[in-house]
Amino acid sequence: MFFRKHTQLCIWINSVLVLFTVFCVNTSYAQQVGSGASATLKRLDTRTIDETYKKISSTAVLGFMKHLTDPNDTDALKKLVTLSDDFIKKHPSSERIGEVYYYYGKALTQLGQVERGISIFEKLIANVSHDHIAVTRYSDGSADALRWRPHEHGLLELGLAYDKQKAHDKADTVYKKLITHPDYAVRLPAQIARKILETDLSSRIGEVKKFHNAWIGLTAPNFRMRQGIDSRQRISLNQYEGQTVLLYYDKTNTQNPSLKKIHDIYKDQTFQIISVNPDASENPIVKPIEPKGDAWMHSWDTHGKIADMYQIRTLPSVFLLDSDGVVRETQSDVESLDKVLDELVKENLATYDDQRTDVIVAKTVEAHGGFEKLQAVENMVMNVRHFEYFPDGTSEMEGYSRVYLYKDKYRTELHTNAGEQYIQLFDGTSLYTSEDGKLEELPHEEAKYINQYNKDRVFHEPIWLLIKLAQNEIPIQYVGIENVNGVPTSVLRVRQPSGKPLKIFISEKTHLIVQYVYSDGRVDTVQSFKQYKEVDGIKIAHQVIYENEYESHNEVYISNIRLNVEIDPKLFNPKK
């Protein structure tokens, strides 16, 4: 849940008991630069290098995708060669030099200048550290980023270039370096190298079209695509966790007869098709991912993001993912998937019929207070204190809030340490936030986005979620047993109102919910429950920890929890 930004203060209302944990994030940026003219020149030089590299990176992604769809379209590759050559001459000591070497060498080999390409890749291997990590950020506004090692990918490309020249002994040496490297051994380039070494020499022509099965057993990279013209409305691959997913990459559309046949057979069996068209002439804002009636999800990879993430080198490319997002099968056509697709769909459906879920849910309901008491809860009122914890072990109280919560409406009042107060109110129909001390209704599109987010947070509240689970109102998937802090823990997967997956971790010993893990499209976010207390015979956690890869460690303490209390109706009237 979000409030509008006020100067440097970004106020987030995030969950209390995985629902409206309100905490403040004060952001400030300190620039540590020198003084005087030399510092100014340094900043200008850094900016120039960054801008030049961004141009090289975007040209590389476009050039490689163009080569994939039309090998005769070489304009972008030739431009990439010129840009890369100029960058290396002007900035030989740049921290970006490894990425530029990689793009340069790959462009040369795709243009048929294999000898020059080999020379560039050899410089990359000799001069760039194996632990240097490059980050590709795509220009589609999705905030997706691909982290990769130029040294690792350069080894694979160097081996392929040697194979193009029939220098298989040299290629073998490079492949073996790749598959024996302690940091690379289980990753995709090493998997491809293993497949190549198992292939007859006469078939080794320096291409990897036949080796997409190197993905099998690896987690498919997550990507996000825009849904509609609102840049915040996005669909991610992670959103389909818990379902069997067929990712189809080719110049196609929603009328593809092979995909339509598969869709018609499996559309109601926790199965999803995502077809991706690499046609760069399409506009991703005008042609977004969106459902077409009964059709599947369809998108355009106009920025080459998915081709880059999946190292796609031939069309079509088909990836079949299980419910955990792991690639189980790859093919160059969907017709070859008939048997394995049917088996995987049935395997996934069986996880929703697992009788263990009934036992787990029943015991958890009783641990929280019992079905009748949970079902009788109509509202909650909570006082919350918010703390941010820093890497050095120190903490800071960010503020406190009061939350009034019904199943279908809510009011949150946040008070910061600086003496500011912010209110967010949903009266069941419209969403309001405080601006200059007055409640103002948010525009429909903005309110729609925030309310979808908030509905997920209400869904997280154990008191009401457990009732839905116990009444079989939503499908439940049994995932298995994991150790959480050394304790055997049952893991269930359900779908939130937004459609995004939610993993619920329930202690095998206490049968209380110990944490949730949910995907926000970028990274799994963990919400952990600590120190349960009993309120009117119902167990409620009064300490909640919220953390993910991009956030500092935050904790909230909930006190004075009251259930089914009289609430002044004026609190939900935005005009009073």
Side-chain angles (χ1 to χ4, degrees), residues 41-139 145-165 167 170-171 174 177-178 189 206-208 280 303-305 307-309 311-313:
L41 290 173
K42 183 177 180 180
R43 287 197 299 271
L44 291 174
D45 186 54
T46 300
R47 184 181 304 167
T48 299
I49 293 174
D50 287 343
E51 291 175 352
T52 304
Y53 173 72
K54 287 179 182 178
K55 185 181 296 185
I56 291 173
S57 177
S58 60
T59 304
V61 173
L62 176 62
F64 299 148
M65 187 175 67
K66 288 283 190 181
H67 185 265
L68 172 69
T69 56
D70 182 6
N72 295 319
D73 188 346
T74 60
D75 290 346
L77 290 176
K78 290 176 180 177
K79 180 180 179 181
L80 175 58
V81 167
T82 301
L83 290 172
S84 301
D85 186 63
D86 185 62
F87 185 96
I88 291 171
K89 289 176 180 177
K90 291 181 178 179
H91 313 292
S93 59
S94 168
E95 63 179 9
R96 303 286 195 182
I97 199 69
E99 295 93 300
V100 176
Y101 272 138
Y102 175 78
Y103 293 143
Y104 191 12
K106 188 172 178 179
L108 288 170
T109 55
Q110 290 189 350
L111 288 169
Q113 301 177 41
V114 182
E115 194 66 42
R116 287 183 65 194
I118 288 175
S119 174
I120 295 299
F121 284 130
E122 287 176 339
K123 290 179 181 178
L124 164 59
I125 303 307
N127 299 317
V128 178
S129 171
H130 73 276
D131 58 3
H132 170 65
I133 297 177
V135 180
T136 300
R137 300 189 183 280
Y138 300 97
S139 55
L146 177 65
R147 290 167 175 78
W148 56 285
R149 289 180 169 88
H151 187 275
E152 174 187 18
H153 287 260
L155 283 171
L156 177 60
E157 295 296 336
L158 178 57
L160 292 170
Y162 280 139
D163 271 341
K164 281 184 180 291
Q165 292 192 322
K170 290 184 178 180
V174 173
K177 284 183 180 179
L178 185 57
E207 298 179 4
V208 295
H303 300 277
K305 172 171 63 178
D308 192 21
M309 288 181 167
Q311 292 289 290
I312 293 174
R313 305 190 183 218

For P150 and L124, the nearest pair of non-hydrogen atoms, with its separation, is O-CD2, 3.4 Å

Quick one: salt bridge (charged side-chain N to carboxylate O under 4.0 Å, His left out) pairs with a partner in residues 149-165, sequence neighbours left out?
-> E152-R187, E157-R313, D163-R204

Taking all heavy atoms of S84 and all of I56, pick out the closest pair and write down the distance.
-> OG-CG2, 4.0 Å

Would a 4.5 Å heavy-atom cut-off, applied to side chains only, mark F121 and T109 as touching?
-> yes

Check against side-chain contact (heavy atoms from CB on, under 4.5 Å), E122 and L158 = CA-CA 7 Å; E122 287 176 339; L158 178 57; 4.1 Å; yes

Would you mind listing every salt bridge (charged side-chain N to carboxylate O under 4.0 Å, His left out) that reaches into residues 96-112, with sequence neighbours excluded?
-> R96-E99

Minimum heavy-atom distance K55-T59, with the two atoms named = O-OG1, 2.6 Å

State the OG1-CG distance between T52 and L83, to the nearest 0.5 angstrom.
-> 8.5 Å

Is there a side-chain contact between K78 and L111, using heavy atoms and a 4.5 Å cut-off?
-> yes

Would one find more than 12 heavy atoms of other residues, nucleotides or ligands at under 6.0 Å from atom CD of E207?
-> yes

Indicate the atoms forming the closest heavy-atom contact of L146 with M309, along with that distance.
-> CD2-CA, 4.2 Å

What is the distance from atom CG of L77 to atom CD of Q110, rounded to the nearest 0.5 Å?
-> 5.5 Å

With side chains defined as the heavy atoms from C-beta onward, is the minimum distance between Y104 and F87 less than 4.5 Å?
-> no

Looking only at atom types and distance, does a side-chain atom of D308 sit under 3.5 Å from a main-chain N or O of G304, one as donor and one as acceptor?
-> no

Smallest heavy-atom separation, T136 atom then S57 atom, equals CG2-OG, 4.2 Å

Step-by-step side-chain contact (heavy atoms from CB on, under 4.5 Å) determination, L155 to H151 | CA-CA 6 Å; L155 283 171; H151 187 275; 3.9 Å; yes

Atom OH of Y138 and atom NZ of K305: how far apart are they, to the nearest 0.5 Å?
-> 8.0 Å

Closest approach of I118 and Q165, non-hydrogen atoms and distance?
-> CD1-OE1, 3.2 Å

Scan for ring-ring contact (aromatic ring centres under 6.0 Å, His included) pairs involving residues 55-84, sequence neighbours excluded, and state none if there are none.
-> none

Do I312 and L68 touch side chain to side chain, with heavy atoms closer than 4.5 Å?
-> yes

Determine, for K89 against D85, whether the closest basic-nitrogen to carboxylate-oxygen distance falls under 4.0 angstrom.
-> yes

dist K54:NZ -> S58:OG (nearest 0.5 Å) comes out at 10.0 Å

Roughly how far, to the nearest 0.5 Å, is the CG atom of L156 from the CD atom of Q311?
-> 7.5 Å

Could you check whether the rings of Y103 and W148 sit parallel, tilted or perpendicular, using 30° and 60° as the cut-offs?
-> tilted

Would you say V61 and M65 make side-chain contact, with heavy atoms under 4.5 Å?
-> no

